[in-house]
Amino acid sequence: MSFDTKNIRNVVLLGHPGSGKTTFAETMLFEAKSINRRGNVEDKNTVSDYTNIEQERGNSLFSTLMHAFWKDSKINILDTPGFDDFVGEVISSMKVADTGVMLLNAKSGVEVGSELIWEYVERFSTPTLFVINQVDHEKADFEATLEQAQARFGNKVIPVQYPLNAGQGFDTIVDALRMTLYVFPPDGGKPEKKPIPDSEIGRAQEMHNALVEAAAENDEELMEKFFDAGSLTEQELAMGLRIAIANQEIYPVFCCSSVNNMGSGRIMGFINDVCPSPADRPAALLENGETLECDANESTTAFIFKTISEPKVGNVSYFKIYSGKLKAGDELVNSKNRGSERFGQVFIANGKDRESVDEIQAGDIGVTVKLKNSHSNNTLNVKGTDRKIKEMDFPAPRIRVAVSPPSKSEMEKLIKALHQIEEEDPTLILEQSKTLKQTLLHGQGQLHLDLVKYRIEKVHNISMDFIKPRISYRETITKRADTSYRHKKQTGGAGQFAEVHMRIEPYEPNMPDPEGLNVRNKDIEELPWGGTLAFYWCIVGGSIDAKYSNAIKKGIMHKMEEGPLTGSYCQDIRVSIFDGKMHAVDSNDMAFMLASTAAFKNAFQNSAPKLLEPIYNLEILCSDEVMGDVMGDLQTRRAIIQGMDSDGHYQKIKAKVPLADLYQYSSTLRSLTQGRAKFNREFSEFSVVPFEIQQELVKAHHEELEEA
Ligand SMILES: Nc1nc2c(ncn2[C@@H]2O[C@H](COP(=O)(O)OP(=O)(O)O)[C@@H](O)[C@H]2O)c(=O)[nH]1
Ligand SMILES: [Mg+2]
């Protein structure tokens, strides 16, 4: 059985953690009879949250692919984790989805997680519905949630339904699109359809008209019909809405109680009738700027949006067919590495359960196992076709930790396992930092890195501890110093002799030439770690042969790489070599290198050296009520507030904060605000470390050197 493109609906469930996405997916599957028993999050038996760690924590941490057959459609459902830490899972699911379903929690209104995801709805131009869930909750406030959604997401947010009796005992929905009242039996499921009572007819009609207007707005023919007849038929309405939704001109709002199984059937019906099929979406963008229509009769192109490795199975790849068809046994060529891959089996999935199928068509989402060398973001084509679907972009990491090194043999195993996780997770970066002499993990948040640790320990059986990562400081100078150093050694046969006189000064672009010196040659070098070394040759009268200038510069670079204060990189220094001595027999490159290293070190100590630390721009989005706590905490982190902005119900704080004070910021912020805040950070500049902190760091470095 293979579904035609036009009958496929790829739906991604979005929203703040706890809004009920996983529960909603479960009711969809149950209503569509994909499962005959409805699990729940509390009993840890939902189809979507099937991994041990998700069940342990009671939250989704990975995106999960499921599907439900409803009327004519195969609805592929991608349930995503709501935490901002796992935004990578959201991005990859949104890449392949054609409709977003954003769940809002009727008892808490629009929460920060949903706001954050909205950014991606806009970026991907995903046609999106809202579902105001949990209307059965005693504290449910549908109206307030709807108002907040309109305030936050704009006046294209238009209700299709409202609950007649929200709160405990909820069982009735007024549907203004169908102009029908739905009354659910106590255990949910299929509602009884009734006429809308007189008391509600006014409001329902008003909502209906708003929908009709939205549907007819961009279609003159429909508009005329509407004015002539005073209404549209259900089919005309659906047609108009289909276009309006696909163009993101309307975000219709539904209501639902997932836990009581009331409302999901109607929403699936709407997805079937009105939401876009993959062929109704704009053609997919390719890396070369061309586009690709979703057409089953074209040659085959598949795009891998997610890979995971499963114990016993190995590599599991999730892919979408962007054009053509894929049969089990087909061979495709990876457009990145040109390797040929056999899709021995093609599956459709419901969480951990996979069902093998013969073929899937353009627009559909499938799963395969045991691909040899294909990863997330790779496009595979039938031989003779060469396309690359535009790759997904993932946000830069926000936090970092260092890995406490276990024994050497364990370390090798650990790095290998981390590499494997890194390969599956594009939002995680593993870095072996030579300068910091640490293995670092950069991720999206504490939860994200905790999940990595969990997998390393439980799946790979390696113990792993996180420690505080070192900070990459820089060293520079603040005043001029002149110095000279004579290197002289007499051992057995040939001796070593070199004498170097140098001036060092803080470097600034376009600074005047060094006072009183005669500049012969300027070598201004951008350093690989940032900043500049300006190396001036000012020797007059041949006191040092120019052939030694390279060795002298090397000697300086050597110390610039391991600064005199704390062993950190040095930057922004001008060194002028203005005098010296050499010996006809005993002078050589080595001698001049050693002399210049020592001279540089001396001069550095005498030029009021300063330690610089990395400063990050921090941007925090938080709700009003936690603003005070967030600001209070920032004050303990040497933060400099740059600005505050209010954005709907949210406050945006911009600050500059030293990286050294951002350690564990992600978990602090989460516990401080119960998840009602998020942050981004970005390197800004290096700035001078306060004197007391500099002294502590210098002392610590010297102690470390003595120990070694
Ligand atoms: N009262 C009520 N609780 C719900 C509803 N939907 C979900 N929940 C509960 O809300 C919590 C979070 O649900 P879950 O599906 O895991 O949310 P997710 O994080 O968005 O996937 C769980 O305790 C659910 O039982 C609902 O419609 N009504
Ligand atoms: Mg969930």
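Order of appearance sets the numbers: ligands from 1, and atoms from 1 within every ligand.
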- Note on the structure: Counting only protein N, O or S atoms and ignoring waters, those under 2.8 Å from the Mg ion (ligand 2) are Thr22 OG1, Ser60 OG
- Measuring from Gln134:CD to Ser258:OG, what's the distance to the nearest 0.5 Å? 7.5 Å
- Apply salt bridge (charged side-chain N to carboxylate O under 4.0 Å, His left out) to Asp633 and list each qualifying residue two or more places apart in sequence or on a separate chain. Arg637
- Message: Looking only at protein heavy atoms, which one is nearest to atom 28 (N) of ligand 1, and what is the separation?
- Response: Asp136 OD1, 2.7 Å
- Please could you name the atoms of ligand 1 that Val41 approaches to less than 4.0 Å, counting only its heavy atoms? 14 (P), 15 (O), 16 (O)
- Under 6.0 Å between ring centres, would you say that holds for Trp118 and Phe130? yes
- Message: Check this for me - ligand 1, His137, N or O atoms closer than 3.5 angstrom, yes or no?
- Response: no
- Does Ser19 come within less than 4.0 angstrom of ligand 1, counting non-hydrogen atoms of the residue? yes
- Note on the structure: Output for pair (Ile35 CD1, Met28 CE), nearest 0.5 Å, gives 11.5 Å
- Message: Does Phe303 form a ring-ring contact (aromatic ring centres under 6.0 Å, His included) with Phe319? I'd like the steps, not just the answer.
- Response: CA-CA 5 Å; Phe303 175 78; Phe319 58 87; over 10 Å; no
- Hey, can you tell me if Phe184 and Tyr182 have their rings parallel, tilted or perpendicular (30° and 60° cut-offs)? tilted
- Out of Val259, Leu13, Thr23, who gets a non-hydrogen atom closest to atom 13 (O) of ligand 1? Thr23
- Item | Pairing residues for Asn377 by the side-chain hydrogen bond (donor to acceptor under 3.5 Å, both in side chains) criterion, not counting sequence neighbours | none
- Item | Identity and distance of the protein heavy atom lying nearest atom 8 (N) of ligand 1 | Gln134 NE2, 3.3 Å
- What atoms of ligand 1 come within less than 4.0 Å of a heavy atom belonging to Ser257? 27 (O)
- Distance from His137 atom NE2 to Phe170 atom CZ, nearest 0.5 Å? 14.0 Å
- Query: To the nearest 0.5 Å, what is the distance between CG (Leu164) and CZ (Arg203)?
  - Reply: 9.5 Å
- Query: Just by distance, with hydrogens left out, do Tyr50 and Gln55 show a side-chain donor and acceptor under 3.5 Å apart?
  - Reply: no
- Considering distance alone, does some N or O of Asp79 sit under 3.5 Å from an N or O of ligand 1? no
- Enumerate the atoms of ligand 1 whose separation from the nearest heavy atom of Asn133 is less than 4.0 angstrom. 5 (C), 6 (N), 27 (O)
- Item | Inter-residue atom distance Phe466.CZ - Leu449.CG, 0.5 Å rounding | 5.0 Å
- Item | Glu424 CD to Arg455 CZ distance, which is reported to the nearest 0.5 Å | 4.5 Å
- Note on the structure: Under 4.0 Å between heavy atoms, the region of Thr22 that gets near ligand 1 turns out to be both
- Query: Under 3.5 Å, N or O to N or O, is Phe24 touching ligand 1 that way?
  - Reply: no
- Is the number of heavy atoms from other residues, nucleotides or ligands within 6.0 Å of NZ (Lys194) greater than 12? no
- Note on the structure: Applying side chain to side chain contact (heavy atoms under 4.5 Å, CB included) to Glu249 and not counting sequence neighbours gives Asn218, Ala244, Asn247
- Item | Nearest neighbour in protein (non-hydrogen) for atom 19 (O) of ligand 1 | Gly18 N, 2.7 Å
- Task: Indicate yes or no: does an N/O atom of Asn59 lie under 3.5 Å from an N/O atom of ligand 1?
- Result: no
- atom 17 (O) of ligand 1: closest protein heavy atom, distance to 0.1 Å, is Gly20 N, 3.0 Å
- Query: Salt-bridged, Arg398 to Asp85, with N to O below 4.0 Å?
  - Reply: no
- re atom 27 (O) of ligand 1, the protein heavy-atom contact at minimum distance is Ser258 N, 2.8 Å
- May I ask you to check if ligand 1 and Lys21 share an N or O to N or O distance below 3.5 Å? yes
- Considering heavy atoms of the protein only, find what lies nearest to atom 25 (O) of ligand 1 and give residue, atom and distance to 0.1 Å. Glu42 OE1, 3.0 Å
- Message: Any atom of ligand 1 sitting under 4.0 Å from a heavy atom of Pro17?
- Response: yes
